[in-house]
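Following: one structure in structure tokens, then a few remarks.
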Amino acid sequence: MTNLILRILLGLFSAVFFILLFFVSRSAHWPLHVTLILAIVLFLIVNIGFIVLFYYARKEHLDKEE
């Protein structure tokens, strides 16, 4: 149950951070390459977070089977 809540929170935070990134980049007049690099970095961090959550959920499942 905790894993589900963490996945939902990670999804919500990532959506908010992507929206904030593009609003800040537009208001601060950042070059396009800076915005794209930051978006890619944020995308990678979010995906690593989902991978870690999947790993811990799988690990708990495998520990219960033993």
Query raised in the report: Can you list the residues that meet the side-chain contact (heavy atoms from CB on, under 4.5 Å) rule with Ala57, with sequence neighbours excluded?
Result: Asn3
Query - Set of residues satisfying side-chain contact (heavy atoms from CB on, under 4.5 Å) with respect to Phe50, sequence neighbours excluded - result: Arg7, Leu10, Val46
About how many Å separate [atom2] of [Y] and [atom1] of [X], when rounded to the nearest 0.5 Å?
| X | Y | atom1 | atom2 | value |
| --- | --- | --- | --- | --- |
| Leu4 | Ile8 | CG | CD1 | 4.0 Å |
| Thr35 | Ile40 | OG1 | CD1 | 11.0 Å |
| Ser14 | Leu21 | OG | CG | 12.0 Å |
| Tyr55 | Ile51 | OH | CD1 | 13.0 Å |
| Ile45 | Phe17 | CD1 | CZ | 10.0 Å |
| Leu20 | Leu42 | CG | CG | 10.0 Å |

Requested in this report: May I ask you to check whether over 12 heavy atoms, not counting those of Phe43, lie within 6.0 Å of atom CZ?
Outcome: no
**Report entry** Enclosure of Phe18 CZ (heavy-atom neighbours >12, cutoff 6.0 Å)
**Finding:** yes
**Report entry** Co-membership, hydrophobic cluster, residues Ile48 and Tyr56, 4.5 Å side-chain
**Finding:** yes
**Report entry** In one Ile/Leu/Val/Met/Phe/Trp/Tyr side-chain cluster, 4.5 Å: Leu6, Phe13
**Finding:** yes
